[in-house]
Amino acid sequence: MLVALLVIVLAIAALLAVANTRPSTFRIERATHIAASMLQVAELIDDFHEWKKWSPWEQLDPSLQRTYSGADTGVGAVYEWNSQGKAGTGRMEITEMRAGAERGLIAIKLDFFKPFKASNTAEFVMTPTDAGTDLTWAMFGPSPFASKLMGVFMDFDKMVGKDFEAGLVALKRNAEQAPR
């Protein structure tokens with residue numbers, strides 16, 4: 001009995017030690033090429049009303065409640081969602097937009113309230129090419145100890161990355177089908 005208890009205590013200590021060695025920040029990133037102008041791509045991202053067309057999380061809960069406030073588009077635009085289902089509750093606000101001949105950027109402050117609290121940054125980097133736009137979608141932020149511990153058992157990059165990949169496919173389809 002005592003040996004079994006000692007083994008359990010050592011296993012828990014080892015698990016906590018392994019979790020503690022994990023990075024204190026995370027970054028999930030996916031990229032694609034879109035045969036559309038940087039402006040057409042940006043218009044699908046900087047207007048939260050357009051996210052219904054391509055966001056992988058918009059269809060998780062048919063009763064999802066959406067609230068839009070602040071600016072209509074661009075810096076200051078706010079999107080809040082509330083779901084009793086898988087989508088949880090949260091808020092996004094566009095905090096930065098830059099457009100240039102060589103690169104465009106849209107940065108979003110992303111706060112989750114339910115099912116867990118987290119504050120991250122989502123970033124869309126657009127690089128114009130002769131054949132359209134290269135788009136990189138990233139999310140990054142702090143990785144508190146609870147996330148490090150869960151990360152021992154789950155691969156967040158694979159879990160969220162597949163959603164990013166699905167979202168990029170839908171965003172690409174919408175941008176390429178949009179009138180030029």
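When reading the values below, keep in mind they use all heavy atoms of this one structure, side chains included, and skip hydrogens, waters and symmetry mates.
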Centroid separation Phe48 to Tyr68 less than 6.0 Å: no
task: Please check if any side-chain donor atom of Asp111 sits under 3.5 Å from a side-chain acceptor atom of Ser119, or the reverse.
output: yes
query: Can you tell me if His33 uses its side chain to pair, donor with acceptor, with the backbone of Ala131 under 3.5 Å?
result: yes
- request: With rounding to the nearest 0.5 Å, note down the distance linking CD in Gln177 to CD in Gln40.
  value: 12.0 Å
Residue pairs passing the salt bridge (Lys or Arg N to Asp or Glu O under 4.0 Å) test where at least one lies in residues 121-136, sequence neighbours excluded: Arg27-Glu123
message: Taking Ala170's backbone N and O only, do any of them form a donor-acceptor pair with Asn174's side chain (distance below 3.5 Å, no angle check)?
response: yes
message: Tell me if a side-chain donor or acceptor on Glu176 pairs with a main-chain N or O of Ala35 at a distance below 3.5 Å.
response: yes
task: Could you tell me the separation between the CE atom of Met126 and the CD atom of Glu102, rounded to the nearest 0.5 Å?
output: 14.5 Å
Shortest non-hydrogen contact between Phe26 and Met139, atoms and distance: CE1-O, 3.6 Å
message: Quick check on salt bridge (charged side-chain N to carboxylate O under 4.0 Å, His left out): which of Lys52, Arg66, Lys53 does Glu58 satisfy it with?
response: Arg66
message: Would you say that Ile94 contacts Asp46 through its side chain, given a criterion of any heavy-atom pair below 4.5 Å between the two side chains?
response: yes
query: Got a second to check how far Ile108's CD1 is from Thr121's OG1, nearest 0.5 Å?
result: 10.0 Å
message: Taking the basic N atoms (NZ, or NE/NH1/NH2) and the acidic carboxylate oxygens, is any pair closer than 4.0 Å for Arg30 and Glu165?
response: yes
- request: Find out if a path of hydrophobic residues (ILVMFWY) with successive side-chain heavy-atom gaps under 4.5 Å connects Met38 to Val125.
  value: no
field: Main-chain N/O of Thr95 paired to Lys109 side chain as donor or acceptor, under 3.5 Å
entry: no
message: Run Ile28 and Phe140 through side-chain contact (heavy atoms from CB on, under 4.5 Å) and show every step you take.
response: CA-CA 6 Å; Ile28 298 168; Phe140 52 90; over 6 Å; no
query: Quick one: salt bridge (Lys or Arg N to Asp or Glu O under 4.0 Å) partners of Lys114, sequence neighbours excluded?
result: none
query: Hey, does the side chain of Trp51 reach the backbone of Ile45 with a donor-acceptor pair shorter than 3.5 angstrom?
result: yes
query: Is Glu29 atom CD crowded by more than 12 heavy atoms from other residues, nucleotides or ligands, each under 6.0 Å away?
result: yes
- request: Would you confirm whether Trp54, through its side chain, and Leu44, through its main-chain N or O, come within 3.5 Å as a donor-acceptor pair?
  value: yes
task: Nearest 0.5 Å please: distance from the CG atom of Leu105 over to the CZ atom of Arg98.
output: 4.5 Å
field: Reported OH-to-CG distance for the pair Tyr79 and Leu110, which is rounded to 0.5 angstrom
entry: 11.5 Å
field: CA sep, side-chain torsions, deciding dist, call: Glu50, Asp47, side-chain contact (heavy atoms from CB on, under 4.5 Å)
entry: CA-CA 6 Å; Glu50 296 293 317; Asp47 181 350; 3.9 Å; yes
- prompt: Which atoms form the tightest heavy-atom contact between Pro142 and Asn120, and what is the distance?
  reply: CD-OD1, 4.0 Å
- line: Residues passing the ring pair (Phe, Tyr, Trp, His ring centres under 6.0 Å) test with Phe164, sequence neighbours excluded, are Trp137
statement: Heavy atoms of Gly88 and Pro115 approach each other most closely as CA-CD, 4.1 Å
- line: Closest non-hydrogen atoms of Glu80 and Ser69, given as atom of the first, atom of the second and distance, are OE2-OG, 4.3 Å
field: Nearest heavy-atom neighbours spanning Ile106 and Ala42
entry: CD1-O, 4.0 Å
task: Could you tell me which non-hydrogen atom of Trp81 sits nearest to which non-hydrogen atom of Ala87, and how far apart they are?
output: NE1-O, 2.9 Å
message: Looking at Thr133 and Leu135, would you say the former's side chain and the latter's main chain have a donor-acceptor pair under 3.5 Å?
response: no
Trp57 reachable from Val169 in the ILVMFWY side-chain graph, under 4.5 Å edges: no
